[in-house]
> 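Sharing a structure here in structure tokens format.
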Number of protein chains: 2
Amino acid sequence: MARRRQSVTIKHVAADAGVSLQTVSRVINNEPNVRPAMKERVQASIDKLGYVPSIAAQRMSGSRSYLILALNDRDATISDWRAREGRDWVDQMLLGGMLTCAEHGYRMLIELVDTHSDHVERELSAAIAALQPDGVILTPPHSENPLITGLLAERGIPFARIGTTEEGPGFAITMGDRFHGALATDHLIELGHERIGFIAGPIDFSLSDRRIAGWRQAMENAELPCEDLCERGDFGFDSGIVAATALLESDDPPTAIIASSDQMALATLEVARKRGLKVPQDLSLVSFDNSPIVRFTQPPLTAVDQPISATISRAVELLIEARKKAKPAGVISVHGELVVRGSTARVPGNGAN
Amino acid sequence: MARRRQSVTIKHVAADAGVSLQTVSRVINNEPNVRPAMKERVQASIDKLGYVPSIAAQRMSGSRSYLILALNDRDATISDWRAREGRDWVDQMLLGGMLTCAEHGYRMLIELVDTHSDHVERELSAAIAALQPDGVILTPPHSENPLITGLLAERGIPFARIGTTEEGPGFAITMGDRFHGALATDHLIELGHERIGFIAGPIDFSLSDRRIAGWRQAMENAELPCEDLCERGDFGFDSGIVAATALLESDDPPTAIIASSDQMALATLEVARKRGLKVPQDLSLVSFDNSPIVRFTQPPLTAVDQPISATISRAVELLIEARKKAKPAGVISVHGELVVRGSTARVPGNGAN
DNA sequence: ATGAAAGCGCTAACAT
DNA sequence: ATGTTAGCGCTTTCAT
């Protein structure tokens, strides 16, 4: 294999425009101290020759790598891919991340890392040394792993922590969990429901409690009771069966249930069917995530759309800006919306429509 | 932002081990002419210091970039991501591609390119200039775009053309379309079906005809007729409605249908329901793709699994080997398998079971 | 406002 | 089998 050289380099452009390398560099990087006329001349040569800077060379000389690294949990990601059940977190990340990166001349690279392993730090160090990313996006559960955030902070690499409200280095971006909890609840309240059950996520995900808080607040605002209406699951199907059964077996069962994940919503649908409850006639159901499957259930599910794409897009922007500006203060929150489908309806026997 | 330097470089390792840079380089790259004792000593220093080579520097000095570029169609990819209907082609690519890359110390990067645009070449040139990938994976329809294959060939960059049997530069890898066509057909024949309809893909996808050929061959082997049993769609839902209607409205309708895509299978399911045909009691249905949705239909669909992950994995291996070996001869074919679910059953009135 | 020189971390080519 | 030298393409100093 022949030694592959860059076909058009900064030298060619400099020669063509009759200026120094440095001037070309200034034009590429949009730096000051170049007269408009000069700039135009150089730009013309760049366009003419189809010159594009080598990011390897740019990185070598100590500037940016134009690479953003997205760190995902290895096991969870691979098992989602293998299962082929429509969980599209990675796709939504790419949608928001790649496109926003592209707008700024950056690329996004996914890296799978095992959070629970005792050599997380080694894995991450290796990725950083090899790629020298300009920014890192931490998805849960990495976002709250001090080994990871510590290493990144120490190395001075800007990073975004997705789905957490914890204080700390880098910046935190959540998806409006509290807001979403209230959003789903308000929708059901408007439909006349008064007993609204909530199937929460596991306690070790901080977003679980934020969603509960949103639900509780909306209930209290409407002066509705919360007692015996909240069960916990672990986001998985089986835990949803247990939680939904508990809610529906009670003496005063809810007429509507909000499930904190699509899998738990699917489970609730199943429990309802087994008990002869029709959705949405006898039971309204709202899901979280809005992943592909909720479009294909019978009925399709009303769901809170997690704005993954918008969130990652925002993270990329902040990461790129991080070179210039100070880090944003506080927790950034990107709100999603409720997608109403066929699983929610007016409460039975509540008069109107 | 401080000028970020590599924390541990080849120099540190060389100093620590008391050898020259070149010797360290030889150890890193597993090159000959290093005595085992020497190699061990250097490796010990590498491990001790946690040294990982900078791919930017490696690329700069004319060697590999350790980057594989996967080129996907921009519009199709983005609209799949936006639709969130479970098409997981990209995920399966990543599953096979990223993991295999990682095994060899490479990374995979996705790049979206608009095939139909008149500046494909400019887009591709820019990506190549910026990233200098060691190999490129072309997914349909890029695989058969001469502007793209020509450019890559000219630049001497190894590339894989996925899903095509055309001769040409780079190497072609298909997913056993002919085999899959026969596989689905044989399954139905074994269930006693004699009139087996086939809804093919559009004529401008070469794989469509390969699948038809597989079906036809299996039918002929079993001495079954093919006349009036093949319709064409464009892989989309609407075209599936038309094709399925045509097949089921005929005087001598099929008792089983093979659809060349999940969307067309969904459409067939819909047409069957409208006509009062129960699947699989009255009509057996086999789908292609095996994407997430077929797990959630009623009934879940028997489907030919397209081995995307295995195919991309193989492509990566060949690309990495391409540095050393000659390009593989002929078309490489990676076979998938049939996943039997609830949409296929023994033909009605055929006795046994 | 522009240019010249030095160096980033690594490997190819050429010594020894 | 090992070391030395030159240079990849670019940006950072530091001149002018």
Side-chain angles (χ1 to χ4, degrees), chain A residues 1-42 46 49 51-67 105 128-132 134 323, chain B residues 1-42 45-46 49 51-67 105 126 128-132 134 323:
Chain A
M1 163 88 33
R3 190 185 159 95
R4 252 189 298 118
R5 278 207 183 72
Q6 198 81 339
S7 45
V8 183
T9 74
I10 199 171
K11 277 189 192 169
H12 298 105
V13 177
D16 185 84
V19 297
S20 72
L21 303 184
Q22 190 45 41
T23 303
V24 179
S25 174
R26 287 191 180 105
V27 172
I28 297 166
N29 296 293
N30 229 328
E31 279 168 21
N33 297 338
V34 186
R35 271 193 307 226
M38 182 87 279
K39 186 166 176 173
E40 258 183 52
R41 182 147 62 103
V42 173
I46 290 176
L49 301 176
Y51 167 73
V52 175
S54 151
I55 66 167
Q58 295 190 123
R59 173 61 257 188
M60 275 303 297
S61 53
S63 88
R64 287 165 285 182
S65 66
Y66 293 98
L67 252 32
I128 291 173
L131 299 166
Q132 315 198 105
D134 290 338
R323 299 170 27 80
Chain B
M1 165 86 34
R3 186 188 162 94
R4 251 190 300 118
R5 280 210 182 70
Q6 197 81 340
S7 45
V8 182
T9 74
I10 197 171
K11 277 189 192 170
H12 298 106
V13 177
D16 185 83
V19 298
S20 73
L21 302 183
Q22 190 49 38
T23 302
V24 179
S25 174
R26 288 191 179 105
V27 173
I28 297 166
N29 296 294
N30 228 330
E31 278 168 23
N33 296 338
V34 185
R35 267 193 308 228
M38 182 87 281
K39 186 165 176 173
E40 258 182 55
R41 181 146 62 104
V42 173
S45 293
I46 290 177
L49 301 176
Y51 167 72
V52 175
S54 151
I55 67 166
Q58 293 185 292
R59 172 62 257 186
M60 276 302 297
S61 55
S63 88
R64 287 164 284 180
S65 66
Y66 294 98
L67 251 33
I128 291 172
L131 299 167
Q132 315 196 106
D134 291 338
R323 299 170 27 81

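Reckoned from all heavy atoms, side chains included, excluding hydrogens, waters and symmetry mates. Just so it is clear: chains get the letters A, B, ... in the order the sequence lines come, proteins before strands, and each one is counted from 1.
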> Quick one: label A:Q22 by what it contacts on the DNA or RNA (base, sugar-phosphate, nothing), any heavy atom closer than 4.0 Å.
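The answer is base, as A:Q22 lies within the cut-off (heavy atoms under 4.0 Å) of a base atom.
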> Give a yes/no answer on whether the side chain of B:R35 brings an N or O atom under 4.0 Å of OP1 or OP2 in D:dT2.
yes
> Decide side chain to side chain contact (heavy atoms under 4.5 Å, CB included) for A:I10 and A:I28; before the verdict, give the C-alpha distance in whole Å, the side-chain angles of both, and the deciding distance to 0.1 Å.
CA-CA 10 Å; A:I10 199 171; A:I28 297 166; 4.1 Å; yes
> Could you check A:N29 against A:K11 and say which one's nearest nucleotide on DNA chain D is further toward the 5' end?
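That would be A:K11.
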> Under 4.0 Å: is that the gap between some side-chain N or O of B:S20 and OP1 or OP2 of D:dG3?
yes
> Please report the distance, rounded to the nearest Å, between CZ in B:R26 and P in D:dA1.
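Atom CZ in B:R26 sits about 10 Å away from atom P in D:dA1.
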> With a cut-off of less than 4.0 Å, is there a side-chain N or O of A:S54 near OP1 or OP2 of D:dC8?
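The answer is no; no side-chain N or O of A:S54 sits under 4.0 Å from OP1 or OP2.
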> Going through the distances and angles, do B:L67 and B:R59 end up as a side chain to side chain contact (heavy atoms under 4.5 Å, CB included)?
CA-CA 10 Å; B:L67 251 33; B:R59 172 62 257 186; over 6 Å; no
> Do any side-chain nitrogens or oxygens of B:Q58 fall under 4.0 Å of OP1 or OP2 in C:dT11?
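For C:dT11, OP1/OP2 do have a side-chain N/O of B:Q58 under 4.0 Å.
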> Is there a side chain to side chain contact (heavy atoms under 4.5 Å, CB included) between B:N29 and B:R64? Walk through the geometry before answering.
CA-CA 11 Å; B:N29 296 294; B:R64 287 164 284 180; 3.7 Å; yes
> Does a side-chain N or O of A:Y51 approach OP1 or OP2 of D:dC10 to a distance below 4.0 Å, or not?
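So the side chain of A:Y51 is within the cut-off, an N or O lying under 4.0 Å from OP1 or OP2 of D:dC10.
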> Just to be sure I understand the rule, does A:P53 reach a base, reach only the sugar-phosphate, or reach nothing, if contact means heavy atoms closer than 4.0 Å?
sugar-phosphate
> Under 3.5 Å, is there any donor-acceptor pair linking the side chain of B:R59 to the base of D:dG9?
no
> Just checking B:E31: does its CD atom have more than 12 heavy atoms from other residues, nucleotides or ligands closer to it than 6.0 angstrom?
yes
> Taking any heavy-atom pair under 4.0 Å as a contact, classify A:V34: base, sugar-phosphate, or nothing.
sugar-phosphate
> Hey, does the side chain of B:S25 come within less than 4.0 Å of C:dT11's phosphate (OP1/OP2), counting only N and O?
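Yes, B:S25 has a side-chain N/O under 4.0 Å of OP1/OP2 on C:dT11.
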